[in-house]
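These notes are about the structure you will find just below.
Naming convention: chains lettered A, B, ... in sequence-line order (proteins, then strands); numbering from 1 in each chain.
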Protein chains: 2
Amino acid sequence: MPSVLSLADVSRSPRKSGWLDSIIKGDCVAALEALPDQSVDVIFADPPYNLQLGGMLTRPDQSQVDAVDDEWDQFASFEAYDAFTRAWLLACRRVLKPSGTIWVIGSYHNIFRVGATLQDLNFWILNDVIWRKANPMPNFKGRRFQNAHETMIWATRDPKAKGYTFNYDAMKAANDDVQMRSDWLFPICNGGERLKDADGKKVHPTQKPEALLARILMASSKPGDVVLDPFFGSGTTGAVAKRLGRHFVGIEREQAYIDAARERIDAVEQLGSGMLSVMTGKKAEPRVAFNTLIESGLIAPGTVLTDERRRYSAIVRADGTLAAGNDVGSIHRVGARVQGYDACNGWTFWHYADGATLKPIDALRTIVRAGMAGIE
Amino acid sequence: MPSVLSLADVSRSPRKSGWLDSIIKGDCVAALEALPDQSVDVIFADPPYNLQLGGMLTRPDQSQVDAVDDEWDQFASFEAYDAFTRAWLLACRRVLKPSGTIWVIGSYHNIFRVGATLQDLNFWILNDVIWRKANPMPNFKGRRFQNAHETMIWATRDPKAKGYTFNYDAMKAANDDVQMRSDWLFPICNGGERLKDADGKKVHPTQKPEALLARILMASSKPGDVVLDPFFGSGTTGAVAKRLGRHFVGIEREQAYIDAARERIDAVEQLGSGMLSVMTGKKAEPRVAFNTLIESGLIAPGTVLTDERRRYSAIVRADGTLAAGNDVGSIHRVGARVQGYDACNGWTFWHYADGATLKPIDALRTIVRAGMAGIE
DNA sequence: TATTTTCTTGAATCTCAAT
DNA sequence: TATTGAGATTCAAGAAAAT
């Protein structure tokens, strides 16, 4: 089982490597300052997002959303958050090898401040990478777009940094022999992977999926590298690092998280050396909005669509809806209503005139998908 | 053809609307200051990304600068970029209506600074939206992930801003009846849409696809709204705004871009008004009091209403209230109380017997609304 | 036991008009 | 400006319950 060290343990002999594969209990900055200079290859940091939530949020079925309202996510102001960010990034900077890289994940609440601070501190951004969530929480009030992604920033310690690890060929091979893009599709952490306590409640409110960490470590580290996570939480970084044959160091304040992480990591077995190239993201057929056909010029607003036998017709509107008389709605809704049905697949029901013949609008969707080939 | 105004033209009579559907030639901030307060519904801004252009960041070639100067330059340069960002965002803030929203697009080179500045200036971020490029430029050196997206930030002028436009129902209907996500897939602008000069060279280095602007304007504006683009470039915003029946104002310094944009916008035809109306949901429907159902004889006092599964029941009273035992109140209050909830939509919760089946009283409201159609 | 239906839940800055 | 009340609002997965 990974050992848990106090700050005193680490400070007593920082040059030794006793802190490898262990969890340091304590404040993030203080613990970082106890580690030796230039000793870490990769940092993955999932800092507090500084969410600013109003009151309670209820779902349409009147159940309550279990929000992230933990004390550790509360900051008095942007200035306070910026000062915190600066402090832990500076401490990270010192322990990072000159060829090391850092990943930071966040949402629009904090990621812009983190990114600007990284630049201010002379880190050099290599990419921003988007984690597209396959199954994000919906927007319940219908006043915004569904918040369906998070942003990760990948940066070197210095602008001129040479020799950082990027396993380009492995990434390409894992991505059907095309370059790995900056947008990744993964499900959120749920099901058996999600750590639960004895009462069945989630141990940590923001546990990250192992698949995400696996891609990060496969892309930007080598076996035997040292991976540091200054906000260790439930220990996803440690679990994946151990499985992939990397050393880890975690820093965490909360004893409950430390206990869960220790047990979790202890149960992980390292993969054999030949097994490491198989982790890729889930592929899915891209969802194509009807809107996309209009936006990409394949079908013009005002076009008249009919069914295969020209019994019903409807007009395409610029907002991506159809209008059949007073009936306005999605291609599926309007298709159902003109026929008096409850449901209808608008993609196969509605046709457009291509010369003298009618073709289903699904044919246009195929064209769009062809243009997206290889994108996921 | 859209008119081109000098700063003097606009300053002479800023309160008049002569600046609508025109391009103002001049510096971004100076031109913004010539426009009246609170006159714009939506701003789309595509500020300079490339910190090397505009003389703000002297990093043409990392290898030519030594480390010390480099660091100093970089700090100074980020400060200059931040000051520039602050200036144009503040000027935008003044011309934006209280219910207006702003979109800013950028890449990792600048978007973190823009986002942090937006927050510092008290804008309120609604979403960050990812433009996933269907056909991004490959990464040539194989030292990073393929940079396959750009980031857009959508924000209101103030944290508590109410009444901003978001055409939720149209977006959802256009997206196969599931809510629109924060990651959008579009091809980059090339082919026939890409403006070329007489030599076949592209007119503008970062011309945005019209499809992207179409979705932005369909989502966050109404026909007749005023759309401002302070970095007008080749005029994509103006072309799409005109096509979709929105007014536009563009600000641009370079005469070559202005000439190209004028010609381009002049060739655009506005879509017919029938194509432009935005699909709205229940929120936009006229309010109908439950009382009205009783007054119009659709439901009689004394009628027993139940929920869908007949677990709860209540009696309709002549004054338009419901009674469930001692509980008397609106359809919503009583619906909430019988279930032990804080809130409830009585229209969809309560059902009446229509023969052997139960129907929601919302069906009766629909009848009333149909009868009101055309009266208003 | 196998299949279908219902329930639960996830980093969320989540209403608006009338008074 | 703060309060009140009408009434609008969710997608995908996995687990649990029902058939």
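Ion pairing between a basic and an acidic side chain is recognised when a charged N comes within 4.0 Å of a carboxylate O; Asp197(A) and Lys201(A) show no such pairing. Salt-bridge formation is detected for the pair Asp46(A)/Lys208(A): a Lys NZ or Arg NE/NH1/NH2 atom is positioned less than 4.0 Å from an Asp or Glu carboxylate oxygen.
Within the nucleic acid shown, Asp46(A) comes within 4.0 Å of at least one base atom, counting heavy atoms only. Residue Asn147(A) is in sugar-phosphate contact alone, with no base atom involved, counting any heavy-atom pair closer than 4.0 Å across all strands shown. If you check every strand for non-hydrogen atoms under 4.0 Å, Pro47(A) touches a base. Using a 4.0 Å heavy-atom criterion, one finds that Arg144(A) contacts the bases of the nucleic acid, with or without backbone contacts as well. Heavy atoms of Pro136(A) sit under 4.0 angstrom from at least one base atom.
Both Gln62(A) and Asn135(A) sit near DNA chain D, but only Gln62(A) has its closest nucleotide nearer the 5' end.
Every pair passing side-chain hydrogen bond (donor to acceptor under 3.5 Å, both in side chains) that includes a residue from residues 160-171 of chain B is listed here, sequence neighbours excluded: Thr165(B)-Lys222(B), Tyr168(B)-Gln179(B). Applying the salt bridge (charged side-chain N to carboxylate O under 4.0 Å, His left out) test to pairs two or more places apart or on separate chains, those with a residue in residues 327-347 of chain B are Asp327(B)-Arg337(B). Applying the side-chain hydrogen bond (donor to acceptor under 3.5 Å, both in side chains) test to residues at least two apart or on different chains, the pairs with a partner in residues 74-83 of chain A are Ser77(A)-Glu79(A), Tyr81(A)-Asn110(A), Asp82(A)-Arg113(A).
Between Tyr257(A) and Phe232(A), the ring center distance fails the sub-6.0 Å criterion. Side-chain rings of Trp350(B) and Tyr312(B) stay apart, their centers remaining 6.0 Å or farther from each other.
Out of dA12(C), dT9(C), dT9(D), the shortest distance to the side chain of Asp169(B) is found at dT9(D). The Gln179(B) side chain lies nearest to dT10(D) when the options are dT10(D), dT9(C), dA11(C). With dC16(C), dC7(C), dA11(C) as the candidates, the nucleotide lying closest to the side chain of Asp73(A) is dA11(C). When distances are taken from the side chain of Gln146(A) to each of dC11(D), dT9(D), dA12(C), the shortest belongs to dC11(D). For Arg143(A), taking side-chain heavy atoms from C-beta onward, the closest of the listed nucleotides dC16(C), dA11(C), dT10(D) is dC16(C).
In this structure, Lys172(B) reaches the dT10(D) phosphate: one of its side-chain N or O atoms is under 4.0 Å from OP1 or OP2. In this model, the phosphate group of dT9(D) is not approached by any side-chain N or O of Lys283(B) to a distance below 4.0 Å at OP1 or OP2. The phosphate of dA13(D) has neither OP1 nor OP2 within less than 4.0 Å of any side-chain N or O from Arg194(A). Side-chain nitrogen and oxygen atoms of Tyr164(B) include none within less than 4.0 Å of the OP1 or OP2 phosphate oxygen of dC16(C).
With sequence neighbours left out, the side-chain hydrogen bond (donor to acceptor under 3.5 Å, both in side chains) criterion links Asn345(B) to no other residue. In terms of the side-chain hydrogen bond (donor to acceptor under 3.5 Å, both in side chains) criterion, Trp131(A) has no residue partners (sequence neighbours excluded). Not counting sequence neighbours, the partners of Ser107(A) by the side-chain hydrogen bond (donor to acceptor under 3.5 Å, both in side chains) test are His109(A). Every residue meeting the ring pair (Phe, Tyr, Trp, His ring centres under 6.0 Å) condition with Phe145(A), not counting sequence neighbours, appears here in chain and number order: Trp154(B), Phe166(B), Trp184(B). In this structure, the side-chain hydrogen bond (donor to acceptor under 3.5 Å, both in side chains) partners of Thr321(B), at least two apart in sequence or on a different chain, are Arg317(B), Asp319(B).
With both ends at atom C1', the span from dG7(D) to dG10(C) equals 26 Å, rounded to whole Å. Atom name C1', nucleotides dT10(D) and dT9(C): the rounded distance is 12 Å, in whole Å.
Here the C1' atom of nucleotide dT9(D) and the CE atom of Met180(B) are 18 Å apart, to the nearest Å. Whole-Å rounding puts the His149(A) NE2 to dG10(C) C1' distance at 16 Å. Going from atom NZ of Lys160(B) over to atom C1' of dC14(C) covers 16 Å, rounded to whole Å. One interatomic measurement links the two molecules: CG of Asn127(B) to P of dC14(C), which rounds to 11 Å at whole-angstrom precision. Rounded to an integer number of Å, the gap from CG of Leu53(A) to P of dG10(C) is 15 Å. Per the geometry, CD1 belonging to Ile105(A) stands 10 Å off P belonging to dA11(C), to the nearest Å. Rounded to an integer number of Å, the gap from Lys133(A) NZ to dA12(C) P is 7 Å.
In this structure, Arg157(B) fails the cation-pi test against Trp124(B), since its NZ or CZ atom is not both closer than 6.0 Å to the six-membered ring centre and inside 45 degrees of the ring normal.
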Just the table, please: protein N/O against nucleotides 3-7 of chain D N/O, every pair under 3.5 Å.
{"residue": "dA6(D)", "atom": "OP2", "partner": "Ser330(B)", "partner atom": "OG", "Å": "3.3"}
{"residue": "dG7(D)", "atom": "OP2", "partner": "His332(B)", "partner atom": "NE2", "Å": "2.6"}
{"residue": "dG7(D)", "atom": "OP2", "partner": "Trp347(B)", "partner atom": "NE1", "Å": "3.2"}

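Heavy-atom distances under 4.0 Å link DNA chain D to no residue of residues 229-239 of chain A.
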Readout for nucleotides 14-19 of chain D: B = base within 4.0 Å of protein heavy atom, S = sugar-phosphate only, - = neither; 5' to 3' it is S-----
Per-residue pairing states of DNA chain D in dot-bracket (Watson-Crick or G-U under 3.5 Å; . unpaired, | other strand) read .|||||....|||||||||
